[in-house]
Every structure is written in structure tokens, then in C-alpha cells.
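Report on the following structure.
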Protein chains: 2
Amino acid sequence: MTHTAAFTAVKTVKAYERVVEQIEGAISRRELRPGDRLPSERELMLTFEVSRSTIREALRVLESTGLVRSRPGDPRGPEVLQASPAILAKTVNRLVRLETIALSELVEFRIMLEGAACTLAAQRRTEVQLNEMCSAIDAMQAEVAHGPVAFSQADVAFHVSVWAASQNQLLQICGEATRGALIDMVSDELDRAPDSQARMELSLAHDREILAAISAGDGATAGRLARSFVIEYYGDIISPESRAALGNVAYEAPV
Amino acid sequence: MTHTAAFTAVKTVKAYERVVEQIEGAISRRELRPGDRLPSERELMLTFEVSRSTIREALRVLESTGLVRSRPGDPRGPEVLQASPAILAKTVNRLVRLETIALSELVEFRIMLEGAACTLAAQRRTEVQLNEMCSAIDAMQAEVAHGPVAFSQADVAFHVSVWAASQNQLLQICGEATRGALIDMVSDELDRAPDSQARMELSLAHDREILAAISAGDGATAGRLARSFVIEYYGDIISPESRAALGNVAYEAPV
DNA sequence: CAGAGTGTACTGGTCTGACCATGTGTGTCA
DNA sequence: TGACACACATGGTCAGACCAGTACACTCTG
């Protein structure tokens, strides 16, 4: 009986996939950094020894994952991009739309992230960050007169500043992605906002409360407020038991 | 003075992007369902009136998004796939690897997720899920004798079952991604595990405690235990103040 | 008639070579 | 020194070709 080596499954690796692998690897090994330029397609086909079609297919998937961007006519070649949560938001969005992920799960997740971010922000915010949040609130106040769209932008700016103050980029990224996906999903309903004026005033009041807690360094309160406001905002989406379970997702500093 | 219409920004839409849009739209409108077949590339180039290269580039991005799959030689054409969160996990993983995320941030994030998952699991777990967790614990017990690697796998299985019981896929996915990234980053230190036997026993004891809390439906305790164990495990990585701040990231059901 | 084996037509993967519109950088000209 | 125009390389797209692989129908055999 002949000795049978521990053969491993053979999978055909397509040429463009190997190109993607190598470029992606170079990026994740930091050999290529955001702003750097890839060689032109015609140069790449020489170094990888494949045709331009293959190179282009590889660039398309790298582009669809947000790693690079090609611009016609640019002699400097494709640009390596800064990794952005936007692509994450798009992916989440698609999954939710295809009903792989329930909207209620998304809301739940957002409640957790928002609460945690506010608690951490209260505990860690610097004076500068506090000032930024105050300015953001002032901007919101100013935008109330300019309608829901402008107001919503200012609202986002405030929350971004809160996330930044949490000093945790992952929280920031996931929060951003979740918010983006959520906004997309429920924007239809917000379009026909019944009494936008009241809504804006309410949001503003809520954010002021959160800011006060953050300013006071009261993480527990900040987190609790944030959670309850998100729950209130998306209340009709999530189930009552979820609403109850998520209400006290505290993120409190130890005694 | 001529009347200036409300012009909108013109952005060049590449041909393959429009193809992607249409196919993606058909999928999200449920005109194409998982298992359905797309026309062959040669047919698609006729219906879209573009060249095959363009069709192929479109298919590559759809494939990288996990929406379709092409197999060479299949006369039935590219297959429409069931949307899967796996692609999301990959995206999160890449973001974690790419973004200059401090190890401490990663640990922090994991503490939050783990705590939230255990709390939710305690509140939502079904009997079946509870049994699965018990089996996972038993498996861990059995693997203690087979060394740290086998044990670690069983450990992961237990935590996966906990995440599943939390009934929130986003939590599950992000938890999985964070765990993976964390393992990658600290694997060096774990390789030279000083007293693996003791470590395994400790992990096992911890997991048993968590299981008991989940079994009892005590979300607050489950969350608190999980958080403190993660903190203990990665204690030397995160700063003392983080350790303190994260200790009480509770996820309690309301009274 | 049933089943095993063969054949074939069409598939996707890859390549070559070509054309076009566009952006950059250079060189020119005032 | 400044504005301007040009040339060149780039990405986007196309047409046509070849190859290896798969599904399905067809044939041959028992």
C-alpha cells in the first residue's frame, strides 16, 4: 500500500483573486498607505504577468470594498484610500434590506453603542471636546430655522463629536455605520415628518440633556439618557420586550 | 438674465456600475431570489448592450459583495446567493486590521460586546440554546487534557453559542470579528503560555459561572462576570482607568 | 428497458489589441 | 512671472479569440 500524503483540497484560485490578495495584503501590511498610488493598469499587468482585463477585474473588487479608487486620466494611477466605515454601513444596509438582519436588531445595536459612547464620553471628554459638543449644540439651535435637513446634519455633527470624545475608534466606526444604515432605512418615514418643528425641538432638548450629563462627568446618566432617547426615537420599530431589556444598558463607572 | 435651472451635480456613471445597480436592484426588489440564475455573460452583454468586459467587471463586484457566484462551465449561468452576514464579518475584520486601532480600544470594545451578549443571552436564551451552551462547556472540560489549542477551540464554541443566544446578529458578527482580531494581535504572547493548565482551569471556571448566570436568567450578573473575566484576561493590555471604567458596563433588565 | 459511458455545446476565465475621452504635467508664449 | 495650450499616459470600453470545465442529452451496452 502506497503512502498517502495528507492531501489538501484543491481550489481553483482565479488570477484576479490572487491579484486582489496581493494588493490587499500590501495595504494591510501598511506597505501601501492611504494616499499612495498604485502603478497604472498597464504597469500592473506587467508585474503580475496577467492581462489588463484581469487587472481591471481585481481593481473593481478592490474598488467595491473601498480600498482603492481609479480615476480616468489620472497619470498617477489608482489611489489607495483611507479605510472608511461608509462601506460597512452600506453592507449593513444591504443585509437589512434583504432581511438577513432585522431592523430591530439594528436599532438594538445602535442603542448599545450610543449608550456606551455617551458614558465613555462623560468619563473621558477633554475640555476641547466639550467645547466642540457645545458648539455643535449651538449649531443645531441655529439650524432649527433652516428646516429638518440642515438640522439633521447639525444633529449628526453633535453625535459625531460625542463618539470622538469616547476615545474609542471602533465604537466610533460601528456607531457611524449603524447610524448611516438606520438613517437610510427609515428616511422614507422621516421624509413625511408630521410636525418637524416639534421633532427638532425635542431632539435639541434631548441632546442638551445628554451634553449636561457629559459635561458633569456623569457617565451613568449620559448613557441612560442616550439609550432612552434612541428607544423613544425608534420606539415603534423594536418590540416592547426589547425596549424593556435595552432600557438599562448602563455603562457606569464603578463606585 | 437667463433662468438658471436647479442643476444637480453630474457624476460620470461608469457602465459597469449601471449594470451592478440594475442587478442589485432586481435582487433587492426580490425579482431575483437566492438560487435563481442570471443569464450568461454573453446574454447579459446583449441585454445591457455593453461588452463582455463590462459585464464581467459588474459580476466581479457583485461577487465580492456576496450577491452572486459564477462557476466556470455551468450552463445555467451565475447563481444568485442568499445574503450572508459573513461578508460583513470580513469587512469588520478588514477595518480592524487596517484602521490604526489601539489594542486597548479593541479590548474595550470586546468587553462591551461580550458583556452585552451575555446579558441578552441570559434574558433571551431558549432551552435548546441553553443545552448547547452546556454541551460546549462539557466539551471544554473534555479538551483540557488535549492541550491549549483544542481547549481554545472549545472555548470559542462556547462563546459563539452565547452570542447566538443573544438573538442579535450584529452583536454576534462584531463580537466574532473583534475576537478574531484580538486573537491575531495577542497570539504571540499566548504562544508562550506560562502555565497553560492553570489558565485552562481558570477559563473553564469562569465560563461555568457565566453559564450559571445565563441559566438563571440573571442578565446583570452574566454581563458583570463576562466583563470582569475579559478584563482579567487582557488585564495587562488596557490601562488601569479603562479597567475601572469598563468594569461596570452593565446591561441590565429594568426592574 | 435501465444504467453506464461518451460527446457536445455552452459556460466562465483569460488574453490580445484597439479606440476614445479625460486629467496631469510640461513647455510655451506673452 | 503668469496664463495658456499641448502632448502624453491614464482609465473606460469594446471586439474577437482561445481554453478548460461543467451540465445535459445522447448513445451504447447489459
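Here is how names work: the chains are called A, B, and so on, in the same order as the sequence lines, proteins then strands, and each is numbered from 1.
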Euclidean distance, atom [atom1] of residue [X] to atom [atom2] of [N] [Å, nearest integer]:
X: B/Arg56; N: D/dC14; atom1: CZ; atom2: P; answer: 15 Å
X: A/Arg52; N: D/dC14; atom1: CZ; atom2: P; answer: 13 Å
X: B/Lys14; N: D/dC14; atom1: NZ; atom2: C1'; answer: 17 Å
X: B/Ile55; N: D/dG16; atom1: CD1; atom2: P; answer: 16 Å
X: A/Glu41; N: D/dC14; atom1: CD; atom2: C1'; answer: 14 Å
X: A/Glu63; N: D/dT10; atom1: CD; atom2: C1'; answer: 14 Å
X: A/Glu79; N: D/dT10; atom1: CD; atom2: C1'; answer: 15 Å
X: B/Leu46; N: D/dG16; atom1: CG; atom2: P; answer: 12 Å

Looking only at the side chain of A/Pro78 (C-beta and beyond, no hydrogens), which of the listed nucleotides D/dG11, D/dG12, D/dC14 gets closest?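 Of all the options, the side chain of A/Pro78 is nearest to D/dG11.
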Along DNA chain D (nearest heavy atom to each residue), the more 5'-positioned of A/Gly73 and B/Gly73: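 That would be A/Gly73.
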Please compare B/Asp74 and B/Met45 by the position of their nearest nucleotide in DNA chain D and report the one closer to 5'.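 Result of the comparison: B/Met45.
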Among side-chain atoms of A/Ser53 and B/Ser53, is any donor-acceptor pair under 3.5 angstrom?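 No.
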Any side-chain to backbone donor/acceptor pair from B/Ser135 onto B/Asn131? Under 3.5 Å, distance only.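 Side chain of B/Ser135 to backbone of B/Asn131, a donor-acceptor pair under 3.5 Å: yes, one is there.
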Regarding [X], tell me which of base, sugar-phosphate or nothing describes its non-hydrogen contacts under 4.0 Å with the strands shown.
X: B/Arg60; result: sugar-phosphate
X: A/Glu43; result: sugar-phosphate
X: B/Arg71; result: sugar-phosphate
X: A/Ser40; result: sugar-phosphate

When you match A/Pro72 and A/Ala15 each to their closest nucleotide on DNA chain C, which lands nearer the 5' end?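 Result of the comparison: A/Ala15.
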Consider side chain to side chain contact (heavy atoms under 4.5 Å, CB included). Of B/Ile55, B/Val19, B/Val50, B/Thr54, which one does B/Leu44 pass it with?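 Checked B/Ile55, B/Val19, B/Val50, B/Thr54 against B/Leu44; only one passes side chain to side chain contact (heavy atoms under 4.5 Å, CB included): B/Ile55.
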Using the side chain to side chain contact (heavy atoms under 4.5 Å, CB included) rule, pick out the option among A/Leu211, A/Asp155, A/Ile210 that qualifies with A/Ile137.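 Exactly one candidate clears the test, A/Leu211.
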Nearest non-hydrogen partners of B/Tyr16 and B/Ala58, listed with the distance: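 Taking B/Tyr16 first and B/Ala58 second, the nearest heavy atoms are O-CB, 3.6 Å.
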Tell me whether the count of non-hydrogen atoms from other residues, nucleotides or ligands lying under 6.0 Å of CD in A/Glu49 goes above 12.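 Not more than 12 within 6.0 Å, no.
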Can you see if the side chain of A/Arg76 gets near the phosphate of D/dT10 - specifically, an N or O under 4.0 Å from OP1 or OP2?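 A/Arg76 to D/dT10 OP1/OP2: no side-chain N or O under 4.0 Å.
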B/His159 and its side chain to side chain donor-acceptor pair (under 3.5 Å) partner, picked from B/Glu114, B/Glu176, B/Arg179: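 Among the candidates, only B/Glu114 passes.
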If you take atom types as modelled and just measure distance, does the side chain of A/Arg69 reach the base of D/dG11 with a donor-acceptor pair under 3.5 Å?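 Check fails, no donor-acceptor contact within cut-off.
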Audit row: B/Gln172, B/Asn168, side-chain contact (heavy atoms from CB on, under 4.5 Å) steps and yes/no: CA-CA 6 Å; B/Gln172 206 171 334; B/Asn168 189 306; over 6 Å; no
Which is the 5'-most and which the 3'-most nucleotide of DNA chain C that has an atom under 4.0 Å from a heavy atom of chain A?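 Boundary nucleotides touching chain A, in 5' to 3' order, are C/dG13 to C/dG25.
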